[in-house]
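For reference, the structure is listed below as structure tokens.
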Amino acid sequence: MSLRNDIANNIVEVLQDIADPRPVLVTREPFDVEKLAITQFPAILIQSGSEERETETMGAGVRRGTISFQIRGFQRGTELDAKRNALIEAIEETLDSDRYRSKTSSQVQNSMITSIEVVERLAPLAEILIEFEVVYYFQRGSA
């Protein structure tokens, strides 16, 4: 399996372990949020995004990649602003607890949330979009 895929799977695994608010659905597979049952919220969708790559050392073929992940969080019900903020904080604390994604690989140099956006939706739905970047090293031709 590729390191990119390992990192994405790690993000899913750690977000599934959030205690409060405990997400019911955490997946990499796109879904229609409007068709989810009330019991499937909060829901989180993780998708791999763009990646920048650069050569670190010429002879050894070590390259550095910075991959961007989009993490979409969905809440439903009342008091949506408070629920949105609680979900943002829980995701941020969970991802920051292991910035090196140590369960994934020793090749990850750093990971960080780079932006948080509130996506406007009509009540009773609320959505957030978190951009999460992971910087990692790999051998040329191996990732």
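Proximity of a side-chain donor or acceptor of Ser111 to a complementary backbone N or O of Arg99 within less than 3.5 Å is detected. A donor-acceptor contact shorter than 3.5 Å links the side chain of Asn85 to the backbone of Asp81.
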Criterion side chain to side chain donor-acceptor pair (under 3.5 Å) on Glu131 and Ser68, from CA distance to verdict:
CA-CA 7 Å; Glu131 291 287 333; Ser68 178; 2.8 Å; yes
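In this structure, Lys83 and Arg76 approach most closely via the heavy-atom pair NZ-O, 3.1 Å. Among all heavy-atom pairs drawn from Thr94 and Ala90, the shortest one is OG1-O, 2.8 Å. Residues Gln75 and Arg84 come closest through the heavy atom pair CG-N, 4.4 Å. The two atoms that bring Phe138 and Arg64 nearest to each other are CE2-C, 4.1 Å, heavy atoms only. The two residues Phe31 and Ala43 make their nearest non-hydrogen contact at CZ-CB, 4.0 Å. When every heavy atom of Phe69 is checked against every heavy atom of Val134, the shortest pair comes out as CE1-CG2, 3.9 Å.
Val26 and Val14 fall within the same hydrophobic cluster, defined by Ile, Leu, Val, Met, Phe, Trp and Tyr side-chain heavy atoms under 4.5 Å apart, directly or through other members.
Residue-environment remark: CD (Glu29) stays at or below the threshold of 12 foreign heavy atoms within 6.0 Å. With a 6.0 Å radius and a threshold of 12 heavy atoms from other residues, nucleotides or ligands, Glu51 has its CD atom above the threshold.
Legend: ring-ring contact (aromatic ring centres under 6.0 Å, His included) pairs involving residues 10-30, not counting sequence neighbours: none detected.
Within the 4.5 Å cutoff, the side chain of Arg121 has heavy atoms near those of the Val33 side chain. A heavy-atom distance below 4.5 Å is found between the side chains of Ile91 and Ile128. When side chains are defined from C-beta on, Leu95 counts as touching Ile71, because their heavy atoms get closer than 4.5 Å. You'll find the side chain of Gln16 stays beyond 4.5 Å of the side chain of Ile44, heavy atoms only. Side chains of Leu3 and Ile7 form a contact here, defined as non-hydrogen atoms less than 4.5 Å apart. A 4.5 Å side-chain heavy-atom check between Phe74 and Gln40 finds every atom pair outside the cut-off.
Taking CG of Leu45 as the reference point, atom CD of Gln47 lies at 4.0 Å (rounded to 0.5 Å).
For the side chain to side chain contact (heavy atoms under 4.5 Å, CB included) test, residues two or more places apart in sequence or in another chain that qualify with Glu117 are Val119, Leu129.
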